[in-house]
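All heavy atoms count here, side chains included; hydrogens, waters and symmetry mates do not. Positions are given from 1 along the sequence. Computed from a predicted model, the values in this text were never measured in an experiment.
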Amino acid sequence: MNTLFLPEGSQDETGNLISNRLTALEIFRRITNSRNFRPISTPVVEYASTFTNDVAGMDLQWMLKWFNSDGEIEVLRPDWTAAIARAIASQHPSERKWTYQGSVFRMDKHGTENRQAGIEIVHEERFLGESESLLTAAAYLNELNISNYVIELSHTGIFEGILTLYPLNDEQKRQLHDAMYEKQEDYVKEILKNTNAESLIQPLIELMDAYGSREIIDEYKQRWQDTPSLLEILDQIEELIRLLEQAKVPEVIIDLGRVKNLPYYDGIMFRGFLVEDGSTCFSGGRYDRLYKQFELQTSAVGLAFDVDVLAKHMPVIQPSEKLCFIVDSTTHAYAEQYRIEHPDLRIDIRYSVDSELVYDRIYHVIKDRETYKVVER
């Protein structure tokens, strides 16, 4: 095996992408600080059970894992939300808003390492937590000069609520979830054919296409007028749409047929898409049930930004001029002091310059008796 190569899913990086990522993280820190979020960090190595227990429900198959000396399975952090829930479950409920930055590691994603920046809001009134999550997202994208994006709203209770109206076992429900997640009409038909729930086929297929502008809500209010639980969900989504429109978010769409991609979601879900190429720049939602494993009955909602995606779509920051000061041992300290006094300049100090090094301007620092001069070459 040649150890000079990287494992699959890993990569080296240089240049603008790294600069953009660092800028994105710094802006995120500033935005969340101004909105009174408190920073939190969790270890990059956790017990697998934090993520694979019955409530969190994540799949161990896709985690980077190993056995420790005690025979326990440890993993590289695959998810921030479950880790933060573990960390703050014992915190006083007066602390409600948390922010984090760091990587997650999963083998079912493009690239093993995914850099994220996110927020979690716990113990807060439902609508306030959801609106603060989405308005923070909008404020952050605006600060990054990313204006061409769409926010999508959906809800776990729609699909799950419809299934309760039909005689289905757990395995059929799981299969239908997978079919809806992949938008596979034929699979829905295959699962429900020759069952007592065959009449569910057409409603689920139509639900897959219930995607678009807020007019879809009006249509489904008519369809579900005899199902109060589903009407209540539509009212919740509509309430958030009004808020986002008032906040001048560029575009809001609805996906009534979306099912949860993480087992612990249990309410409103949201995603942000960049119009340029359709990439997902953030995702999140409500996950009250995650805290039940800690015997806490509370509210919890949050979202995470994909910093790698943001870095690719941020306007390229033009670097300042690259200057070179040629010095010797007697003038080096003066050049260093000059660099400290001019932090906006990009100065490289060298004793000589070869032809392979490229600068916009080159200066010599010369000592003339007791004074120093900076002379352009």
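- Checked by atom type and distance alone, the side chain of Asp266 pairs as donor or acceptor with a backbone atom of Arg289 at under 3.5 Å.
- Looking only at atom types and distance, the side chain of Gln293 has a donor-acceptor partner in the side chain of Asn53 under 3.5 Å away.
- His342 places a side-chain N or O within 3.5 Å of a backbone atom of Tyr338 that can act as its donor or acceptor partner.
- The distance from atom OH of Tyr291 to atom OG1 of Thr298, rounded to the nearest 0.5 Å, is 7.5 Å.
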task = Determine, stepwise, if the pair Tyr351 / His332 fulfils ring-ring contact (aromatic ring centres under 6.0 Å, His included).
result = CA-CA 9 Å; Tyr351 286 179; His332 193 153; 5.5 Å; yes
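- Side-chain N/O atoms of Ser299 and Glu124 include no donor and acceptor closer than 3.5 Å.
- Asp277 and His313 share a donor-acceptor pair across their side chains, judged by distance under 3.5 Å alone.
- Side-chain polar atoms of Thr23 and Asn20 form no donor-acceptor pair below 3.5 angstrom.
- Salt bridge annotation for Glu160-Lys173: absent, with no cationic side-chain nitrogen under 4.0 angstrom from a carboxylate oxygen.
- Under a 4.0 Å N-O distance rule, the pair Arg286/Glu130 qualifies as a salt bridge.
- Side-chain atoms of Ser283 and Arg271 include no donor-acceptor pair closer than 3.5 Å.
- Taking CZ of Phe325 as the reference point, atom NE2 of His364 lies at 11.5 Å (rounded to 0.5 Å).
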